[in-house]
Each structure stands twice: as C-alpha cells, then as structure tokens.
There are 2 protein chains.
Amino acid sequence: MATPLLTKNQTLVMDALSHSEGPMSAYTILDKLRDHGFRAPLQVYRALDKLLEYGLVHRLESLNAFVACTCPHDHEHDHGVTAFTICEGCGQVTEFHDAAIEQRLSALTRAQNFKTEKTTIEIRGHCQSCA
Amino acid sequence: MATPLLTKNQTLVMDALSHSEGPMSAYTILDKLRDHGFRAPLQVYRALDKLLEYGLVHRLESLNAFVACTCPHDHEHDHGVTAFTICEGCGQVTEFHDAAIEQRLSALTRAQNFKTEKTTIEIRGHCQSCA
DNA sequence: GCAATTGATGTAATAACATTACATAACCAC
DNA sequence: GTGGTTATGTAATGTTATTACATCAATTGC
C-alpha cells in the first residue's frame with residue numbers, strides 16, 4: 001500500500017516525532033501539540049494509529065512510547081521484523097533489521113504452526129556513551 | 001543467585017500465576033487475591049518485582065501482563081534471552097529460548113558497542129488452533 | 001536485653017497510559 | 001445535494017503503575 005497523504009493531525013504528530021531526539025509518549029506529544037489545537041489524548045492516539053499502520057512510526061512496547069521510523073527508504077513495502085536498542089541512560093533508540101534473526105524466528109514459529117502477525121524485539125541496556 | 005524462600009505475598013502471587021491458563025494483569029491478580037487479604041495494587045507489584053528478579057515470572061511488555069516462567073529446571077542460572085509467542089485468539093503464551101537468536105543479537109549489539117541488560121522478544125499472532 | 005538496621009507489609013492518593021461513547025464537520029461519489 | 005465515508009472534537013471513563021508515608025517483623029551488633 002502506498003502511503004496516503006497525511007491529514008493535518010497526522011502531520012502534526014509525525015512532525016513532533018520526527019523532530020524529537022528520542023521516543024515520546026502519547027501524552028508528551030499531546031502537550032507539544034496543545035499550541036496547535038490539540039486538546040485530548042484521542043487526537044494523538046488516532047493519528048498514531050494511522051502512522052503505525054503506514055509504517056511511519058513504531059511503538060516501543062517496553063516504554064509505552066513512540067518513535068519515527070528511521071528507515072531511509074520509502075514505506076511502501078514491509079521491512080519485516082524491526083528491532084530496537086534502547087539506552088536507559090540517554091534514551092537513544094536505534095532501529096535495526098536483520099534477515100538472519102527474521103529467518104530464525106520464522107523457522108521457530110513455523111515449527112509450532114504459529115502464524116506471526118507482529119514481532120516485537122526491544123533490547124534495553126546502555127549505549128557506548130552511557131556504558 | 002539461589003532463589004530465596006518466597007514471602008507470603010510472593011507465594012500468593014506466584015500461585016495465582018502458576019494456576020492461571022494464560023497471562024494475568026497486575027489488577028487481575030489483585031482481584032484474584034482479594035479473598036486472601038490483598039487490598040491494593042502495590043501489594044501485587046511488589047511481589048511481582050521480586051518474582052521477576054528471581055526469574056520465576058516474566059513480564060509481557062506488549063500485553064502489560066505477567067506469566068509464570070515455564071522453564072522446567074531450577075532458576076538459579078540465567079537462561080539468556082526469553083522469547084514468547086502470544087496467540088491473539090486464545091491468549092495462549094508459549095515461552096521459548098534459542099541460542100542462534102541470542103548469538104545473533106549479541107553480535108549485532110556488540111557491533112554498536114551496546115551493553116544489553118534485558119531483551120524482549122514477543123511474537124503476536126495466532127496459534128495453530130486459532131489460525 | 002535492646003537500639004539500630006533492614007526488609008516486608010498496609011493504605012491512600014495520584015500519576016501515566018489508553019479507550020469508549022457520542023456529536024460534529026469535511027470530503028467524495030453519484 | 002443526498003448519502004456514505006473519513007476525520008475531528010469533547011467528555012468521560014477505564015486500565016496500568018508509582019509515590020508517599022506509616023507500621024510491623026526479623027536480624028544484627030552491642
């Protein structure tokens with residue numbers, strides 16, 4: 001699916017995430033966008049739902065927070081499994097993809113006849129600077 | 001570290017999780033234990049913190065819920081990376097471990113000089129019965 | 001014995017994250 | 001412009017997790 005044009009609210013949320021140093025919670029985004037007319041959490045969550053669907057944003061389950069996708073290319077095709085390192089010190093999040101892990105997980109789930117819909121891989125720890 | 005004897009509250013929470021079919025939220029556990037004198041969320045969270053520390057329980061980040069560890073052996077040594085398949089249909093959670101994935105993740109994090117403290121791998125989808 | 005420390009517990013309040021319900025407005029097809 | 005769909009606005013509520021403070025019990029050191 002080609003990414004459709006973003007609506008006003010989706011654009012505001014996307015911009016907030018893109019310009020952020022690190023991940024943001026939905027409520028942090030809400031606060032950033034109050035000046036732009038945001039009043040309620042639902043405005044943020046609705047925009048995030050779409051951005052997640054389009055693959056422009058990722059949700060970090062272990063943080064209850066969101067980051068802009070850092071993939072350089074377009075988002076018209078699925079990139080398969082996305083993994084993250086998350087630094088507890090500085091909050092830096094690094095997104096990466098690895099075919100070997102993807103294949104291995106695929107083999108393991110196939111072995112239990114499990115049909116994968118979404119894979120979460122999040123590695124908490126400390127980055128080089130914060131170690 | 002050898003697992004110390006569990007306190008009364010820890011035992012109650014552990015038993016609740018062990019006897020549960022699937023994962024439970026902290027508040028679900030609280031409700032189950034009201035008859036045993038539990039009154040407040042903190043009683044559950046404190047017990048869970050210790051059980052997580054001892055490796056007897058795992059937290060499922062994508063569900064905000066907890067499961068008893070299904071490893072058959074004792075918990076005196078670390079089992080490395082734990083991964084889960086989580087069925088959206090029946091709620092069944094299957095824990096598994098894989099050295100290949102662990103090694104691959106280790107290589108990838110080492111390459112960015114990232115010091116791993118905790119790794120989360122959760123695969124959402126549908127099990128054989130619910131596919 | 002008994003202060004001092006430590007760990008476990010009890011209780012209340014609040015903070016943080018997310019959804020449901022319902023109403024209104026904008027857009028597009030016909 | 002009527003009807004259907006999507007986006008939006010607002011309020012209320014539901015769910016998950018933590019902070020603050022008090023009490024109690026076991027252990028240690030003297």
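Every chain is numbered from 1, with letters handed out A, B, ... down the list of sequences.
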Asks: Reading DNA chain C 5' to 3', which nucleotide is the first, and which the last, to come under 4.0 Å of any heavy atom in chain A?
Replies: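 Boundary nucleotides touching chain A, in 5' to 3' order, are dC17(C) to dA21(C).
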Asks: Shortest non-hydrogen contact from C90(A) to C127(A)?
Replies: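 Closest heavy-atom pair between C90(A) and C127(A): SG-SG, 3.8 Å.
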Asks: Please test Q128(A) against H126(A) for side-chain hydrogen bond (donor to acceptor under 3.5 Å, both in side chains), starting from the C-alpha separation and ending with a verdict.
Replies: CA-CA 7 Å; Q128(A) 183 165 22; H126(A) 284 88; over 6 Å; no
Asks: What are the two closest non-hydrogen atoms of E117(A) and G125(B), and how far apart are they?
Replies: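 Closest approach of E117(A) to G125(B), heavy atoms only: OE1-CA, 3.6 Å.
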Asks: How many whole angstroms separate atom CG of L30(B) from atom P of dT18(D)?
Replies: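 Distance, rounded to whole Å: 15 Å.
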Asks: Tell me: CG of L42(B) to P of dT23(D), nearest whole Å?
Replies: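 Computing the L42(B):CG to dT23(D):P distance gives 17 Å.
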Asks: Tell me whether Y27(B) is stacked on the nucleobase of dT16(D), counting only the six-membered base ring and applying the 5.5 Å and 30° thresholds.
Replies: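 By the stated criterion, Y27(B) and dT16(D) stack.
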Asks: Going by ring-ring contact (aromatic ring centres under 6.0 Å, His included), H58(A) matches just one of F84(A), F66(A), F96(A). Which one?
Replies: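 Of F84(A), F66(A), F96(A), ring-ring contact (aromatic ring centres under 6.0 Å, His included) with H58(A) is met by F84(A) alone.
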Asks: Whole angstrom is fine here: how far is it from CG in L60(B) over to P in dA17(D)?
Replies: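 Taking atom P of dA17(D) as the reference, CG of L60(B) is at 11 Å.
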Asks: Consider only side-chain N and O atoms of S62(A) and E122(A), and report whether a donor and an acceptor are under 3.5 Å apart.
Replies: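 There is such a pair (donor and acceptor under 3.5 Å, judged by atom type) between the side chains of S62(A) and E122(A).
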Asks: Please give me the minimum heavy-atom distance between R39(B) and R34(B), naming the atom from each residue.
Replies: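 The answer is O-NH1, 3.5 Å.
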Asks: For the residue pair T120(A) and R124(B), confirm or rule out a side-chain donor-acceptor distance under 3.5 Å.
Replies: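 No, because no side-chain N or O of T120(A) sits under 3.5 Å from a partner of the opposite role on R124(B).
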Asks: Using heavy-atom distances to pick each residue's nearest nucleotide on DNA chain D, tell me which of N64(B) and G37(A) is more 5'.
Replies: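 The answer here is G37(A).
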Asks: How close do P23(A) and G91(A) get, heavy atom to heavy atom, and via which atoms?
Replies: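 Reported closest heavy-atom pair: CD-O, 3.5 Å.
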Asks: Between the protein and nucleotides 5-8 of chain D, list the N/O to N/O atom pairs that are separated by less than 3.5 angstrom.
Replies:
| from | atom 1 | to | atom 2 | distance (Å) |
| --- | --- | --- | --- | --- |
| dT8(D) | OP1 | T7(A) | OG1 | 3.1 |
| dT8(D) | OP1 | N9(A) | N | 3.4 |
| dT8(D) | OP2 | T7(A) | OG1 | 3.3 |
| dT8(D) | O4 | R46(A) | NH1 | 3.4 |

Asks: D49(B) CG to dT19(D) P: how many Å, rounded?
Replies: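 In whole Å, dT19(D) P lies 11 Å from D49(B) CG.
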Asks: For R39(B) and dT23(D), what is the distance between atoms CZ and P respectively, to the nearest whole Å?
Replies: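 Nearest whole value for this atom pair: 18 Å.
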